[in-house]
Amino acid sequence: MDNARTNLSSFEPLRVRHPSMTKLYFNAEDLGQISIGAFALSVPISFSEEAWMLAANLPVLNLVLVVVLSLSFIALFAYQSVFQANIKARVWGFWLRILLAYALTLLVVSVVLLALDKWPLLSDPLLALKRTLLIAMPASMGAIIVDSFDKE
């Protein structure tokens, strides 16, 4: 029993860590990079009347495909570039980063469209959503590319 006793001054707490529960490295710098990347690609497209009209005429099924493509490509890019194909111990962090990047992109695109008075959320919410999702496709790629400038 005496061997099992330890000196309290050298006691370190036991840290049990599940392999899938790792730290998410997402800080203010990442937030800024994603916002800048999304802004850089959403602004020129948001000024385009073609994007406004395409969003208005695009069927919902095609819009779903645009969202799936957006998420797939930013996930692929993040996997290869940001995480360098090493997500075994960071699966939750990887997926959370993808969702945060896409959500932040949607927010940036919405604010840009609102500033241009082309985001009719109250009068035509479906059109506002369509415009946001369509312009978020290239903007999300810009967001994840700029986010990759400093690797995980």
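Under the side chain to side chain contact (heavy atoms under 4.5 Å, CB included) test applied with V112, the options V43, T132, L107 reduce to a single match, V43.
Between the CG atom in D147 and the OG atom in S81 there is a gap of 9.0 Å [rounded to 0.5 Å]. F77 CZ to I145 CD1: the interatomic distance, rounded to the nearest 0.5 Å, is 5.0 Å. In this structure, R90 CZ and W92 CH2 are separated by 16.0 Å, a value rounded to the nearest 0.5 Å. Atom OG of S110 and atom CZ of R131 lie 12.0 Å apart (nearest 0.5 Å). Taking CG from L100 and OG1 from T105, the interatomic distance works out to 10.5 Å, rounded to the nearest 0.5 Å. In this structure, CG in L127 is found 11.0 Å from CH2 in W52, a value given to the nearest 0.5 Å.
There is a path of hydrophobic side-chain contacts, each under 4.5 Å, that joins V67 to M141. Hydrophobic clustering (side-chain heavy atoms under 4.5 Å, transitive across Ile, Leu, Val, Met, Phe, Trp, Tyr) groups V66 together with Y102. Each of V109 and M137 belongs to its own hydrophobic cluster when Ile, Leu, Val, Met, Phe, Trp and Tyr are linked at side-chain heavy-atom distances under 4.5 angstrom. Hydrophobic clustering (side-chain heavy atoms under 4.5 Å, transitive across Ile, Leu, Val, Met, Phe, Trp, Tyr) keeps V64 apart from L69. F83 is connected to I98 through a chain of hydrophobic side-chain contacts under 4.5 Å among Ile, Leu, Val, Met, Phe, Trp and Tyr, so both are in one cluster.
Listed by chain and residue number, L133 satisfy the side chain to side chain contact (heavy atoms under 4.5 Å, CB included) test with L129 (two or more places apart in sequence, or in another chain).
Residue S123 comes nearest to P125 through the heavy atom pair C-CD, 3.9 Å, listed as atom of the first residue, atom of the second, then distance. Considering every non-hydrogen atom in both W119 and A128, the closest pair reads NE1-O, 3.5 Å. Nearest heavy-atom pair, I74 versus S140, reported as atom, atom and distance to 0.1 Å: CG2-O, 3.5 Å. Closest non-hydrogen pair, A139 versus L41, comes out as CA-CB, 3.9 Å. The minimum heavy-atom distance between L116 and S46, with the atom names listed, is CD1-O, 3.5 Å. Listed here is the closest heavy atom pair of P138 and I45: CG-CD1, 3.2 Å.
By the neighbour-count criterion of 12 heavy atoms within 6.0 Å, atom CZ of F39 is sparsely surrounded, having that number or fewer from other residues, nucleotides or ligands. For N57, the CG atom is densely surrounded, since the number of other residues' heavy atoms within 6.0 Å is greater than 12.
Here the side chain of K130 pairs a donor or acceptor atom with the backbone of L58 at under 3.5 angstrom.
A heavy-atom distance below 4.5 Å is not found between the side chains of F94 and R97. Using a 4.5 Å heavy-atom cutoff, the side chains of I144 and F73 are not in contact.
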